[in-house]
**Q** 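Next up is a structure, given as structure tokens.
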Amino acid sequence: MTGSASVSHSTKAAPRRGCVFLNLYKKGYIYRGKRIINWCPKCKTSLSDAEVEHEEQTGHFWHIRYPIVGTDDALEIATTRPETMLGDTAIAVHPDDERYKDLVGKTVILPLVNKEIPVVADEYVDMEFGTGAVKITPAHDPNDFEVGQRHNLEMVNILNDDATINENGGKYAGMDRYEAREQIVKDLEEGGYLVKVKEHIHAVGTHDRCHTTVEPMVKEQWFVRMDELAKPAIAAIEKGELRFVPERFNKTYLHWLENIHDWCISRQIWWGHRIPAYYCDECGEVVVSAQKPDKCPKCGCTHLTQDEDTLDTWFSSALWPFSTLGWPEETEDLKKFYPTSVLVTGYDIIFFWVVRMVFSGYEHTGKSPFHTVLIHGLVRDSLGRKMSKSLGNGIDPLEVIDQYGADALRLTLVTGNAPGNDMRYYNERVEASRNFANKMWNASRFILMNLDDVTLHEPDPSDLTPADRWIISRANTVAKDMTENMDKYELGIAVQKVHDFIWDEFCDWYIEIAKYRIYNKDTDPKAANCALWVLRETLKNALKLMHPFMPFVTEEIYSVLAPDDGFLMKAAWPVYQEEKNCPADEKFMTQVMEMVRGIRAVRNNMDVPPARKTRVYIQTGDEDFWTDLEPMSSSLLPLMRGHDVVRLTEDKEAAEGMVSIVFGAGTAFLPLDELVDKQAEIERLTKERERLEKELKRSAGMLNNERFLSKAPEAKVREEKEKQIRYQEMMAQVEKQLADLM
RNA sequence: GGAAGGUUAGCUCAGCUGGGAGAGCAUUCGCUUGACGUGUGAAAGGUCGCAGGUUCGAGCCCUGUACCUUCCACCA
């Protein structure tokens, strides 16, 4: 143990740890004392409260009679742990309990041990619970320990470190704790002391690492006095120097700190930093020192032995935010990087690490080590269970990465999740992320392919098409929205926005629309240059927005797309630019998409053979719409399944017998007379009319309400009015089509 | 015993400042369209746990309630 421990002390780190320990010791925060601690009989070490997990277990409640000295009567107590009676040194009752008032000050006989122990009165006893009389075992129960202190009771340790009964247990010595329990119950029964046994559900403390039932024991250990240290960490929340995201974890953090007990920091394990305390072999003097002292300051002898114990790993970890930066030296790193900004961690680490980093930070540097703690949930298995070794349901991230890629895993972990919420792991989700990476890769490949041997130049703004301005405007808006989300740590929402932008708008619409100009670059090189320029710039921006969530693929693509730009990781985050915002073009493209989707839907519903291509007649009173649409009709051809657009003039005859698709800017007519089922068309249009009626009713309900008009935000009212006008126009068109059919 | 979270489509989950219920997967019917079938188009699928309340308007705010999960806790 000694050898291993000294190896673990790097010459550089040891003095620093010593410093922290020494400082706290000098200030009286660290002390060595004989107190009750949690003991793991398997690991044979003491534990802090945070390392003990409480498990509900079904046990028994044994009612036992303790004969009262000088009478024929007996005092009945109830216990869940009869074996501890070997260490009983008193019985406690409540001072106000009329039943036992006369017994206080008298003594009872401890059965099996045949020892006289006193009856004491203590507020701690709950009169309502059990029999109202409690056996007191100061050496093996935290409450009893305190009662023992108050009444100056003897402490009898009855356990060895492996939880077998020691020599104080008389005939039970050597037995395991549970074996002894069984034997004692048997002996009590034979001796006539056992009154009754009841089933009882109670919480049992277990070691969080090995799940062995923890044994409270009195031992001499090192402790950190917590009450004073906790104060600045509590104030940090009130003063706003520290906050949790989501906010509800403030409460978790505060509750723990406000009810904190002294922290047992010595461990009887070999891994960890060795406690910098030395004991004089001659006089027993304790010396806490960063370096081994040459001689005992008390008796002058030169034989000193270092404490064999190590520090709780979390004691060392608590120093991480500043010790890694060179503290206690005033290093450049420390000045520059301390305090840090955001700590990202799981809620299961709040007590172990976050709390301890915060109070250590305040104590040693006067500052909180970070201003924000972003809490994430736990990844569970597909059945919602915590991953564990014993269940064998753990996921090896390296295997997932081998299979789907690191970016896919990373994207999965941030998608569809809100801070602090747990997440179930499904391969299917990683697969979806992998598919997205693939989509992005292929889209980039297409763009790069077309950029080969092409020298691009920035197009004149007047050469940009409405579709170009639309995608530029959208990328701009997405950057703004994402930034807002990320500032609020809404990463799941932010990533959803860039994901949808890339896949739905950029790939499915813009690239498809741009293809026509690219494929006809020989006839119109200017238009091709324009399309390719916008493709490249938009892709670059999209990669920047996606980079935090998929750093590897985006970096790789960017290095080929913009080899002179340097690392994408170092590129500036896209900032919203007002001049790029084009609401008119966004509106136009919304109408185009609505029209195209309508045409495709009708073709699908009517089972139009894929090869069937006709013109589509557009009737619109919106001159701007037609002015923008006509020049891009060739670009839209594949998206419209081959339908070329033609404007329908006032010639009403032409529209007869055609299928009509009503959209925001007008009506589209498909001449598919032989396929038209008149009745089905009437049904379809009637359904559409019902939908619009519903919308109009809702809209009218709001707009006719004066309180809505006066109370709702102006933008909301304006938006609603615009919607109403649009619905009214569409309604008129639908009704016209229906009238024509009937 | 105390506290927190959850309950939304078949499944897993988003849903921002209260303002027309969303995604992925699964399902149904199409598509060799010159980046991608790890793709593409269309569709179907929801009394937002339940009961009240506030509001012009509630998945979202308030009260109560049921069930599930988790954390904290020294009733022996």
Side-chain angles (χ1 to χ4, degrees), chain A residues 36 53-54 61 77-81 84 92 124-126 128-131 133-137 141-146 200 202-203 205 216 246 248-249 251-252 255-256 259 261 347-348 350-351 377-378 382 384 386 404 412 415-418 420-426 428-429 431-450 481 484-485 488 490 492-493 496 499-500 507-508 511-512 515 518-519 597 600-605 607-608 610 637-639 641-642 694-695 698-699 701-702 704-713 716-717 719-720 723:
Chain A
I36 196 141
E53 282 178 0
H54 295 273
F61 221 6
I77 59 96
T79 181
T80 55
R81 306 186 54 206
T84 62
Y124 148 71
V125 180
D126 178 357
E128 310 297 316
F129 192 79
T131 63
V134 192
K135 62 191 264 319
I136 301 296
T137 323
D141 183 281
N143 296 311
D144 294 7
F145 179 80
E146 304 214 336
H200 183 66
H202 61 134
R248 64 175 187 267
F249 289 102
K251 229 174 167 174
T252 311
H255 182 257
W256 202 75
N259 295 286
H261 294 99
Y347 55 71
D348 54 337
I350 294 174
F351 305 135
L378 269 37
S382 62
K386 213 168 169 173
Y404 300 106
T412 304
T415 300
N417 186 250
N421 285 4
D422 287 354
M423 165 187 289
R424 295 192 194 198
Y425 179 88
Y426 282 91
E428 288 88 335
R429 295 189 60 231
E431 232 170 80
S433 301
R434 186 270 320 261
N435 293 353
F436 177 75
N438 186 252
K439 182 73 182 176
M440 208 163 57
W441 178 262
N442 279 311
S444 305
R445 205 164 55 112
F446 170 76
I447 293 165
L448 287 167
M449 197 172 78
N450 286 291
D481 292 350
E484 282 170 14
N485 291 131
K488 289 186 278 181
E490 295 166 352
I493 298 171
Q496 187 72 52
H499 171 278
D500 291 353
C507 291
D508 289 348
I511 292 182
E512 293 307 322
K515 276 178 181 172
I518 295 170
Y519 295 149
R597 286 197 189 103
R600 287 170 185 164
V602 163
R603 283 183 62 106
N604 261 305
N605 293 343
D607 289 324
V608 178
L637 221 49
L639 288 155
R641 302 291 172 262
K694 229 174 97 185
E695 292 294 351
R698 186 191 57 79
S699 191
M702 286 168 84
N704 294 338
N705 188 317
E706 281 190 21
R707 295 192 67 175
F708 171 71
L709 294 176
S710 60
K711 283 186 167 182
K716 202 78 218 164
V717 177
E719 188 188 316
E720 204 52 47
K723 276 184 195 169

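Side-chain atoms are counted along with the backbone in the values below, which use heavy atoms only and exclude waters and symmetry mates. Naming: A, B, ... by sequence-line order, numbering from 1 per chain.
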**Q** Going 5' to 3' along nucleotides 29-34 of chain B, which nucleotides have protein heavy atoms under 4.0 Å from the base (write B), which only from the sugar-phosphate (write S), and which from neither (write -)?
**A** --S--B
**Q** What nucleotide among rA76(B), rG41(B), rU12(B) has an atom nearest to a side-chain atom of R424(A)?
**A** rU12(B)
**Q** Is there side-chain contact between D144(A) and Y124(A), with at least one heavy-atom pair below 4.5 Å?
**A** yes
**Q** What stem regions, each of at least 3 consecutive Watson-Crick or G-U pairs below 3.5 Å, can be found for RNA chain B?
**A** B:1-7 with B:66-72, B:10-13 with B:22-25, B:27-31 with B:39-43, B:49-53 with B:61-65
**Q** Name all residues meeting the side chain to side chain contact (heavy atoms under 4.5 Å, CB included) criterion together with L637(A); count only those two or more places apart in sequence or in a different chain, and write none if there are none.
**A**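 With sequence neighbours excluded, L637(A) shows a side chain to side chain contact (heavy atoms under 4.5 Å, CB included) to D644(A), given in chain and number order.
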**Q** For A712(A), report the nucleic acid contact type (base, sugar-phosphate, nothing); a contact means any heavy atom under 4.0 Å.
**A** base
**Q** Looking at side-chain heavy atoms only, is the closest gap between R424(A) and S382(A) below 4.5 Å?
**A** no
**Q** Over all strands shown, is A601(A) touching base, sugar-phosphate only, or nothing at heavy-atom distances under 4.0 angstrom?
**A**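 Sugar-phosphate contact only.
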**Q** If I take atom CZ in residue F708(A) and atom C1' in nucleotide rG18(B), what distance separates them, rounded to the nearest angstrom?
**A** 12 Å
**Q** With sequence neighbours excluded, what pairs up with R81(A) under the salt bridge (Lys or Arg N to Asp or Glu O under 4.0 Å) test?
**A** E83(A), E215(A)
**Q** Just call it for N259(A): base, sugar-phosphate, or nothing, with non-hydrogen atoms closer than 4.0 Å on any strand.
**A** nothing
**Q** Look at E719(A) together with K723(A) and state whether they make a salt bridge at an N to O cut-off of under 4.0 Å.
**A**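 The answer is yes: the pair qualifies as a salt bridge.
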**Q** Distances under 3.5 Å between protein N/O atoms and the N/O atoms of nucleotides 21-26 of chain B, please, pair by pair.
**A**
none

**Q** Mind checking if R597(A) touches a base, just sugar-phosphate, or nothing, with heavy atoms under 4.0 Å?
**A**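 Sugar-phosphate contact only.
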**Q** Atom NE2 in H255(A), atom CD1 in I350(A): separation rounded to 0.5 Å?
**A** 13.5 Å
**Q** Keeping R641(A) on the side-chain end and R603(A) on the backbone end, is there a donor-acceptor pair under 3.5 Å?
**A** no
**Q** K488(A) side chain: which of rC16(B), rU38(B), rU12(B) is closest?
**A**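 Ranking rC16(B), rU38(B), rU12(B) by closest atom to the K488(A) side chain puts rC16(B) first.
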**Q** The side chain of R707(A) lies closest to which of these nucleotides: rC16(B), rU55(B), rA42(B)?
**A** rU55(B)
**Q** Where the side chain of P713(A) is concerned, which of rG15(B), rA42(B), rG19(B) is the nearest nucleotide?
**A**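 Looking only at heavy atoms from C-beta outward on P713(A), the closest nucleotide is rG19(B).
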**Q** What's the closest nucleotide to the W256(A) side chain, out of rA73(B), rA14(B), rA35(B)?
**A**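 Of the candidates, rA73(B) comes closest.
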**Q** Over all strands shown, is G416(A) touching base, sugar-phosphate only, or nothing at heavy-atom distances under 4.0 angstrom?
**A** sugar-phosphate
**Q** Can you check whether any acceptor in the base of rA14(B) is under 3.5 Å from a donor in the side chain of E490(A), or vice versa?
**A**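 It does not, because no donor-acceptor pair links the side chain of E490(A) to the base of rA14(B) below 3.5 Å.
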**Q** Test of understanding: with side-chain hydrogen bond (donor to acceptor under 3.5 Å, both in side chains), list the residues that count as partners of N438(A), not counting sequence neighbours.
**A**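 With neighbours one apart ignored, the set is N442(A).
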**Q** Taking the side chain as every heavy atom from C-beta outward, state whether M423(A) and L378(A) have any pair of such atoms under 4.5 Å apart.
**A**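 With C-beta onward as the side chain, the pair stays apart.
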**Q** Mind calculating the distance between NZ (K386(A)) and C1' (rU70(B)) to the nearest angstrom?
**A** 9 Å
**Q** Counting only side-chain heavy atoms from C-beta out, which of rA76(B), rC74(B), rC72(B) sits nearest to H54(A)?
**A**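 In terms of side-chain proximity for H54(A), the closest of rA76(B), rC74(B), rC72(B) is rC74(B).
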**Q** For E720(A) and rC56(B), what is the distance between atoms CD and P respectively, to the nearest whole Å?
**A**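 Taking CD of E720(A) and P of rC56(B), I get 17 Å after rounding.
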**Q** Which value, rounded to the nearest 0.5 Å, describes the distance between K386(A) atom NZ and D422(A) atom CG?
**A**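 If we round to the nearest 0.5 Å, K386(A):NZ and D422(A):CG are 9.0 Å apart.
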**Q** In whole Å, what separates the P atom of rA43(B) from that of rG22(B)?
**A**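 The answer is 13 Å between these two P atoms.
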**Q** Starting from C1' on rA43(B), measure out to CZ on R600(A) and report it in whole angstrom.
**A**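 The distance from CZ of R600(A) to C1' of rA43(B) comes to 14 Å, rounded to the nearest Å.
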**Q** Anything under 3.5 Å between a protein N or O and an N or O of nucleotides 3-7 of chain B, put it in a table, one pair a line.
**A**
{"from": "rA4(B)", "atom 1": "OP1", "to": "K251(A)", "atom 2": "NZ", "distance (Å)": "3.0"}

**Q** Report the residues that fulfil side chain to side chain contact (heavy atoms under 4.5 Å, CB included) with D126(A), sequence neighbours left out, ordered by chain and then residue number.
**A**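 If we apply the side chain to side chain contact (heavy atoms under 4.5 Å, CB included) test to D126(A), skipping adjacent residues, the hits are E128(A), F129(A).
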**Q** Report the nucleotide, chosen from rC36(B), rG19(B), rC74(B), that has the shortest atom-to-atom distance to any side-chain atom of H261(A).
**A** rC74(B)
**Q** Identify, with sequence neighbours excluded, every residue that meets salt bridge (Lys or Arg N to Asp or Glu O under 4.0 Å) alongside D141(A).
**A**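 D141(A) satisfies salt bridge (Lys or Arg N to Asp or Glu O under 4.0 Å) with no residue once adjacent residues are dropped.
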**Q** Quick one: the side chain of K439(A) and the base of rC36(B), do they pair up donor-acceptor inside 3.5 Å?
**A** yes
**Q** In whole Å, what is the span from the CG atom of L378(A) to the P atom of rU70(B)?
**A**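 It works out to 11 Å between those atoms.
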**Q** Only counting residues at least two apart or in another chain, list the ones meeting salt bridge (Lys or Arg N to Asp or Glu O under 4.0 Å) with E695(A).
**A** R698(A)
**Q** Side chain of E512(A), heavy atoms from C-beta onward: which of rC36(B), rU55(B), rA73(B) has the nearest atom to it?
**A**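 Selected nucleotide: rC36(B).
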**Q** Between N442(A) (CG) and rG37(B) (P), how many Å, whole number?
**A** 7 Å
**Q** Mind checking if A443(A) touches a base, just sugar-phosphate, or nothing, with heavy atoms under 4.0 Å?
**A** base
**Q** Under the rule for side chain to side chain contact (heavy atoms under 4.5 Å, CB included), what residues qualify as partners of Y519(A), not counting sequence neighbours?
**A** F446(A), K515(A)
**Q** Separation of M702(A) atom CE from rU55(B) atom C1', in whole Å?
**A** 13 Å
**Q** Is there a side-chain contact between R434(A) and the phosphate of rU38(B), meaning an N or O under 4.0 Å from OP1 or OP2?
**A** no
**Q** What residues, two or more places apart in sequence or in another chain, satisfy salt bridge (Lys or Arg N to Asp or Glu O under 4.0 Å) together with E431(A)?
**A** none
**Q** If the C1' atom of rU27(B) is compared with that of rC62(B), how far apart are they to the nearest Å?
**A**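 Per the computed distance, 40 Å lies between those C1' atoms.
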**Q** Check every atom of rC74(B), rU38(B), rC71(B) against the side chain of Y124(A) and return the nucleotide holding the closest atom.
**A**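 Side chain of Y124(A) sits closest to rC74(B).
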**Q** To the nearest angstrom, how far is R445(A) atom CZ from rG39(B) atom C1'?
**A**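 One finds 12 Å between C1' of rG39(B) and CZ of R445(A), rounded.
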